[in-house]
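Below, chain A is the first sequence line, B the second, and so on; all start at residue 1.
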Amino acid sequence: MNDSVRVRFAPSPTGGLHLGGVRTVLFNYLFAKHNNGKFIVRIEDTDQSRYVPEAEEYIFNCLNWVGLQPDESPIHGGDYGPYRQSERKEIYKKYAEQLVRDGFAYYAFDTQEELEKMRQDFKTTHNHSQQYDHSVRMKMKNSITCSTEEVNTWLKEGRSHVVRIKMPKHENVSFKDMIRGEVHFDTSVVDDKVLLKADGMPTYHLAVVVDDYLMKISHVFRGEEWLPSAPVHILLWKYLFGIDAMPQWAHLPLILGPVGKLSKRDGAKHGFPVFAMNWTDKNNSEKTEGFKEKGFLPEAFINFLALLGWNDGTEKELFSKQELIQNFSIDRVHAAGAKFDYEKAKWFNHEWIKRLELIELKSKVKDFFSAQQFEINDSTFLEKVIELVKDRCTLLTDFYPQSIFLFETPTQLDIASIQPKWDNKKNIFFTEWILQLTEMINWDATYIEENFKALTNLHNIKTGDLLLPLRIMLVGGKFGPPVFQVAALIEKKETIKRIENALKLFNS
RNA sequence: GGCCCGUUCGUCUAAGGGUUAGGACACCACCCUUUCACGGUGGUGAUACGAGUUCGAAUCUCGUACGGGCUACCA
């Protein structure tokens, strides 16, 4: 449809990658791929105080895990680099100065203390926090209020200063959002945002406009939290590159937690992950659990994320990445925020565990066993195990408890649930069954079951009364696949061994 | 406080003037299952409120209420 589609995800390397961040990546990616366009990742590392060195690598690891690979990025290369804003510092400075020259921005020399004083002085019951805007601009220390000589001297002295945009008074700025339609702002209520900080780094507002222009970004998908600063960006586009060159905007609905915008805290409080992968905060060693380690499949993860704010208009809910690419369209993204539902997320995962190719599932299950210090070598056996238990596994972490007894003898038996009804009659039955099992030649589930039932008849005991004891003997608890299939899988020798051991325990 | 965005079952959503307001998750009941699940059938459950436009409004308009976001030399 359009081969000049270029979109970008622009994370700030300050910590773990949030659910909402991944959803933004997803919509960018799907839009790009649907339109044969390019998906770019740009690192917005302009805040030196919040910069976390490990975060960038972590972000790319997450993208790798979910399978949303960038076409261009600091590590994938590309023709529009550098892709880290810290490496583009000089570029922004040039544009900031151009804006000052053209009268769209100005130097401001106010110290932190002076800013604080201003906010206090102008604070009223009706104005919680006074902005640095047209109403106070003339009372502050900047290149509009001070003489040219003064300003030049300060500049020469290297006095600490920022560049601020000069918001026009009473101008209507509007643009067409792809999701929300026309959105209007009165520039009088927008403040004179800082464009270039005292350390020479740009703020987001300047950098985003400059880089989107230089990197030829055609469409911008970002979270709804950016909507209020859109007028600043629109004006910068107008001043710097012309409104015709401006990309199309789409402000994505927020992903909500139990109270407001979903946060890391919500996850900790309610026991669900919020980050894509495990993240450890180096400062306080605080660990935050990720969807990957929690046992989610990337297929399920992107599937439920896509359905948070988008649907294809049919009742279809299960989409592979390819299907998402094919069917995605921005006009089916809706405007209201979506509350994250962990139960539904788990349902998606369960569905994907059931439908994923055995080969792919196998290696993941193996990894989760390794995480429990248990190495699986017999791949064919593992396949049988997966087929047998996958219906009972919602998360990949469930495979271990749901099938470990197929690999090794259970150490803990739930004796309590059979003890009250255990008697010598049952003991005699099992003792005799062991003898029959020893003679058995056809070791398969149906055959074992038939044999078992025949013997219960002979002993005049209800089969149902013996099934649970057998299950506890072989599995250890009241769960798991059909008990004769368990016996078939663990083989004759092990079955007999487990019954013998359990018998000793039950009778003591 | 100001500005901006939003509002259909508890949750995710369909229905773009005419439907008994549909589906999915969760929940409940029954069936299947001599365990636990899967699966199957059915059920509870929603258009925030008030005006207007219209023969007819969940759908268009306005107001109110409520929810959310922003209001940093953070993104």
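Note on ring orientation: taking the six-membered ring where Trp is involved, the planes of A:F175 and A:W249 are perpendicular (angle over 60°, cut-offs 30° and 60°). Between A:F272 and A:H270, the ring planes are parallel. Angles under 30° get that label, and only those over 60° would be called perpendicular.
Comparing B:A24 with B:U34, their C1' atoms sit 33 Å apart, to the nearest whole Å. Spacing of C1' atoms, B:U61 relative to B:U20, comes out at 29 Å, to the nearest Å. Comparing the P positions of B:C27 and B:U59 gives a spacing of 33 Å, expressed to the nearest Å. Annotation: B:G10 and B:G18 have their P atoms spaced 25 Å apart (nearest Å). With both ends at atom P, the span from B:U19 to B:U33 equals 44 Å, rounded to whole Å. Rounded to a whole angstrom, the distance from the C1' atom of B:G63 to that of B:C70 is 25 Å. As rounded to the nearest Å, B:U35 and B:U41 have C1' atoms that lie 23 Å from one another. Here the separation of B:A15 from B:G39, taken at their C1' atoms, is 30 Å to the nearest Å.
The CD-C1' distance, from A:Q485 to B:C36, rounds to 14 Å in whole Å. Taking atom NE2 on A:H134 and atom P on B:C3, their separation rounds to 12 Å, with Å as the unit. Atom C1' of nucleotide B:A72 and atom CE of A:M201 are separated by 17 Å, given to the nearest angstrom. Atom CG in A:L455 sits about 19 Å away from atom P in B:U34, given to the nearest Å. The distance between atom CE of A:M167 and atom P of B:G2, rounded to the nearest whole Å, is 20 Å. The distance between atom CD of A:Q402 and atom P of B:C38, rounded to the nearest whole Å, is 11 Å. Rounded to an integer number of Å, the gap from A:K426 NZ to B:U34 C1' is 13 Å. For the pair A:E171 CD and B:C3 P, the computed distance is 19 Å after rounding to whole Å.
For B:G1, the base has a donor-acceptor partner in the side chain of A:H128 [N/O atoms by modelled type, under 3.5 angstrom]. Applying the 3.5 Å distance criterion, the base of B:C36 shares a donor-acceptor pair with the side chain of A:R392. Judged by distance alone, with hydrogens and angles left aside, A:T463 brings a side-chain donor or acceptor within reach of the base of B:U34, the pair sitting under 3.5 Å.
Here A:T314 does not reach the OP1 or OP2 of B:G23: none of its side-chain N or O atoms lies under 4.0 Å away.
The residue A:H251 sits apart from the nucleic acid: no heavy atom pair falls under 4.0 Å. A:G260 comes within contact range of the sugar-phosphate backbone alone, with a heavy-atom separation under 4.0 Å but no base atom that close. Residue contacts shown for A:K354 are limited to sugar-phosphate atoms, with no base heavy atom under 4.0 Å away. A:L254 comes within 4.0 angstrom of the backbone, heavy atoms only, and of no base. A:P482 comes within 4.0 angstrom of a base, heavy atoms only.
With B:G1, B:G69, B:C38 as the choices, the nucleotide that has an atom nearest any side-chain atom of A:D391 turns out to be B:C38.
Remark: B:C62 base-pairs with B:G50. Criterion, Watson-Crick or G-U wobble with two distances under 3.5 Å. In this structure B:G67 sits in a base pair with B:C5, meeting the Watson-Crick or G-U test at under 3.5 Å. A 3.5 Å limit on both hydrogen-bonding distances identifies no Watson-Crick or G-U partner for B:A15. Across all strands shown, B:C30 forms a Watson-Crick or G-U wobble pair with B:G40, both key distances being under 3.5 Å. Applying the Watson-Crick and G-U wobble criteria (two distances, each under 3.5 Å), B:C74 pairs with nothing in any strand. Pair assignment for B:A57: none, as no Watson-Crick or G-U wobble contacts are both less than 3.5 Å.
To the nearest 0.5 Å, atom CD of residue A:Q120 and atom OG of residue A:S129 are 10.0 Å apart.
Every residue two or more places apart in sequence or in another chain that forms a side-chain contact (heavy atoms from CB on, under 4.5 Å) with A:A105 is listed here: A:L99, A:V100, A:V163, A:L195. Remark: A:F9 engages no residue in a ring pair (Phe, Tyr, Trp, His ring centres under 6.0 Å) (not counting sequence neighbours). Remark: A:F27 pairs with A:F328 by the ring pair (Phe, Tyr, Trp, His ring centres under 6.0 Å) rule, at least two apart or across chains.
Considering only heavy atoms from C-beta on, A:F122 comes within 4.5 Å of A:K139 through its side chain.
Side-chain atoms of A:T145 and A:N142 include a donor-acceptor pair closer than 3.5 Å. In the model, A:W422 has no side-chain atom that pairs as donor or acceptor with a side-chain atom of A:N427 under 3.5 Å. A:N28 and A:R8 form no side-chain donor-acceptor contact under 3.5 Å, judged by distance and modelled atom types alone. With no hydrogens or angles considered, a side-chain donor-acceptor pair links A:D110 and A:Y132 at under 3.5 Å.
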Give each protein N/O atom lying under 3.5 Å from an N/O atom of nucleotides 4-13 of chain B, with the pair distance.
residue	atom	partner	partner atom	Å
B:C5	O2'	A:R180	NH1	2.5
B:C5	O2'	A:E224	OE2	2.9
B:C12	OP1	A:K339	N	2.8
B:C12	O2'	A:L307	O	3.2
B:U13	OP1	A:G309	N	2.8
B:U13	OP1	A:H334	NE2	2.8
B:U13	O3'	A:N311	ND2	2.9

Quick test: give all pairs of protein nitrogen or oxygen and nucleotides 73-75 of chain B nitrogen or oxygen below 3.5 Å, distance rounded to 0.1 Å.
residue	atom	partner	partner atom	Å
B:C73	OP2	A:R164	NH2	3.3
B:C73	O2	A:A198	N	2.7
B:C73	N4	A:D110	O	3.4
B:C74	OP2	A:K197	NZ	3.1
B:C74	O2'	A:D47	OD2	2.9
B:C74	O2'	A:R50	NE	3.3
B:C74	O2'	A:R50	NH2	3.0
B:C74	O2	A:R50	NH2	3.4
B:A75	OP1	A:T46	OG1	2.9
B:A75	OP1	A:K197	NZ	2.8
B:A75	OP2	A:Y204	N	3.3
B:A75	O3'	A:E44	OE1	3.1

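Applying the salt bridge (Lys or Arg N to Asp or Glu O under 4.0 Å) rule to pairs touching residues 187-206 of chain A yields A:R137-A:D192, A:D191-A:K193, sequence neighbours excluded.
Syn is the glycosidic conformation of B:C38, whose angle stays within 90° of 0.
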